[in-house]
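Report on the structure given below.
Chain letters run A, B, ... following the sequence lines, proteins first and then strands; every chain starts at 1.
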Protein chains: 2
Amino acid sequence: MVEFEEEKEIFLEHIRKSGLRRTGQRDLILEIFLKTEEHLTSEDLYWLVQKEDPSVGHTTVYRTLKLLTEAGLAREVRFGDNKTYYEHHYDHEHHDHLICTSCGKVVEFFSQQIEELQDSIAEQHGFKLSHHSLRMWGLCEMCSKSEADVSSVPPGAQPRVRVKTVIGGY
Amino acid sequence: MVEFEEEKEIFLEHIRKSGLRRTGQRDLILEIFLKTEEHLTSEDLYWLVQKEDPSVGHTTVYRTLKLLTEAGLAREVRFGDNKTYYEHHYDHEHHDHLICTSCGKVVEFFSQQIEELQDSIAEQHGFKLSHHSLRMWGLCEMCSKSEADVSSVPPGAQPRVRVKTVIGGY
DNA sequence: TTGATTGCAAAGCATTTGCATGCTA
DNA sequence: TAGCATGCAAATGCTTTGCAATCAA
């Protein structure tokens, strides 16, 4: 069984429409991106690709992620650590992010009510909206419980977001 | 009449509490920051400071802006061009941003309803919220009117945001 | 064959850091 | 006088670009 047929077709269609070329590297990068259901940096994806084909360069991964974004398969997100993460975009509901500033956990959520309010605010200001980004930072349940007790931070917890001074606003 | 007394007092108080020192550079940078009611990068502020005192270095402006942020006088914001902007924070209502992707115009807005929805969503997920960032991108009224007609872009319009692929998510 | 694609190295940017000197408290 | 602050230069980290070689159509 072939996986991600639809996504791959969309990619090929985008390649075709834009007069670009299909290459082994692009296929491989797309494949691995689609397989990985996580927020990835270009760097992260680069290392995954390396395991399959060590000849692929950093640059190609960067360029391919841009391509996937243009094709509507990927979406760029930032969590406040000055890195660009990519997540699946095609066939994924639009959503926003809740980010734990202690352990780096990211929760995706969606609120129809907020979406509607946003549209109406944009309209009030005469804006034709193309996209938006809503991020909320705070302590997740686990981290706020163990706030006072440093030793109880989950072992191996790797904060994705190390917020010194907050980027992206309060 | 002395302007910005309150802000200056807050700054001095912060200096005191943190065991830091008051210097001419910090005073000057604060003064100019307070005078400028705009979204400024460290670079922007650096050049304004240069006009008054060419001996002040870039580093000091960076460091002082961090200080002002810690003191609660400034707030960092990002609009999608990978630069950090600063805006006044003290005694300024919390607000979010609408950004025109064509001319770079930034509109500040506030919605009590959205704030409340955010709080309730965070609560549902067990998060103790510390801050958030909501940005919406699109075309402002003027730009969407002149969309088809490139020649009618306002002369001298300096897009603050040059969005190639969107940073910060849709 | 033609022109897009690749990978390397180098360049770009915004931001941060090391360090000797200078200056508040 | 102690040690924080400053400014320079260099380093950093992520991302983009120039370019010669390679490869898809």
Side-chain angles (χ1 to χ4, degrees), chain A residues 11-12 14-30 39-47 49-50 53-70 74 76-86 160-168, chain B residues 11-30 39-47 49-50 53-71 74 76-86 160-168:
Chain A
F11 180 62
L12 293 179
H14 181 73
I15 291 277
R16 228 173 282 143
K17 274 191 315 202
S18 318
L20 306 173
R21 279 163 200 183
R22 181 181 187 180
T23 66
Q25 289 92 327
R26 287 180 176 170
D27 281 353
L28 178 61
I29 293 167
L30 173 59
H39 294 109
L40 289 166
T41 62
S42 178
E43 177 86 9
D44 295 336
L45 186 50
Y46 169 73
W47 288 114
V49 170
Q50 278 287 306
D53 180 353
S55 76
V56 175
H58 223 136
T59 321
T60 305
V61 177
Y62 266 104
R63 289 195 272 228
T64 304
L65 277 170
K66 293 262 175 247
L67 212 56
L68 297 185
T69 305
E70 283 165 30
E76 300 187 342
V77 223
R78 294 183 154 248
F79 297 126
D81 58 354
N82 273 339
K83 284 186 193 167
T84 306
Y85 290 84
Y86 290 84
R160 160 171 296 154
V161 181
R162 282 177 211 107
V163 184
K164 290 185 286 188
T165 311
V166 175
I167 310 284
Chain B
F11 180 64
L12 293 179
E13 180 57 25
H14 180 74
I15 290 278
R16 229 172 282 143
K17 272 190 316 199
S18 318
L20 305 174
R21 276 160 202 187
R22 181 179 186 180
T23 66
Q25 289 93 326
R26 288 179 175 169
D27 281 352
L28 177 62
I29 293 168
L30 173 59
H39 293 109
L40 288 166
T41 62
S42 177
E43 178 85 11
D44 295 337
L45 186 51
Y46 169 72
W47 289 114
V49 170
Q50 277 288 304
D53 180 352
S55 76
V56 175
H58 222 136
T59 319
T60 305
V61 178
Y62 266 103
R63 290 195 270 228
T64 305
L65 277 170
K66 293 262 175 247
L67 211 56
L68 297 186
T69 305
E70 283 165 30
E76 301 188 340
V77 222
R78 295 185 154 244
F79 297 126
D81 58 354
N82 273 339
K83 283 183 193 169
T84 305
Y85 291 84
Y86 290 83
R160 159 172 295 157
V161 181
R162 283 177 211 106
V163 183
K164 291 184 286 186
T165 311
V166 175
I167 310 283

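In this structure, A/Tyr46 and A/Gly57 approach most closely via the heavy-atom pair CE1-C, 3.6 Å. Residues B/Arg21 and B/Arg26 share a closest heavy-atom pair of O-NH1, 2.8 Å.
Across all strands, A/Gln25 comes closer than 4.0 Å only to sugar-phosphate atoms, never to a base (heavy-atom distances). Nucleic acid contact class of A/Thr23 (heavy atoms, under 4.0 Å, all strands): sugar-phosphate only. Within 4.0 Å (heavy atoms only), B/Arg26 reaches sugar-phosphate atoms of the nucleic acid but no base atom.
The distance between atom CD of A/Gln50 and atom P of C/dG7, rounded to the nearest whole Å, is 9 Å. D/dA5 atom P lies 13 Å from atom CG of B/Leu68, rounded to whole Å.
Side chains of A/Glu76 and A/Thr69 form a contact here, defined as non-hydrogen atoms less than 4.5 Å apart. Counting heavy atoms from C-beta on, the side chains of A/Leu67 and A/Leu20 come closer than 4.5 Å.
In this structure a side-chain-to-backbone donor-acceptor pair under 3.5 Å is missing from A/Arg22 to A/Arg16. Checking side-chain atoms of B/Asp44 against main-chain N and O of B/Thr41 turns up a donor-acceptor pair under 3.5 Å.
Distances shorter than 4.0 Å separate none of the side-chain N or O atoms of B/Lys83 from OP1 or OP2 on C/dT15. Regarding contacts with the backbone of D/dT16, a side-chain N or O of A/Lys66 is found under 4.0 angstrom from either OP1 or OP2. For the pair B/Thr60 and D/dA5, the criterion of a side-chain N or O lying under 4.0 Å from OP1 or OP2 is not met.
Taking the side chain of A/Tyr62 as heavy atoms from C-beta on, and the options C/dT5, C/dC8, D/dC14, the nearest nucleotide is D/dC14. Ranking D/dG7, D/dT17, D/dA5 by closeness to the B/Thr59 side chain, first place goes to D/dG7. Taking every side-chain heavy atom of A/Ser55 into account, C/dG7 is the closest of C/dG18, C/dG7, C/dT5.
Nearest-nucleotide mapping onto DNA chain D: of A/Ser42 and B/Val61, the residue sitting toward the 5' end is B/Val61.
Rounded to the nearest 0.5 angstrom, A/His58 NE2 and A/Leu45 CG are separated by 9.0 Å.
Of the residues in residues 13-22 of chain B, those lying under 4.0 Å from DNA chain C by heavy-atom distance are B/Arg21, B/Arg22.
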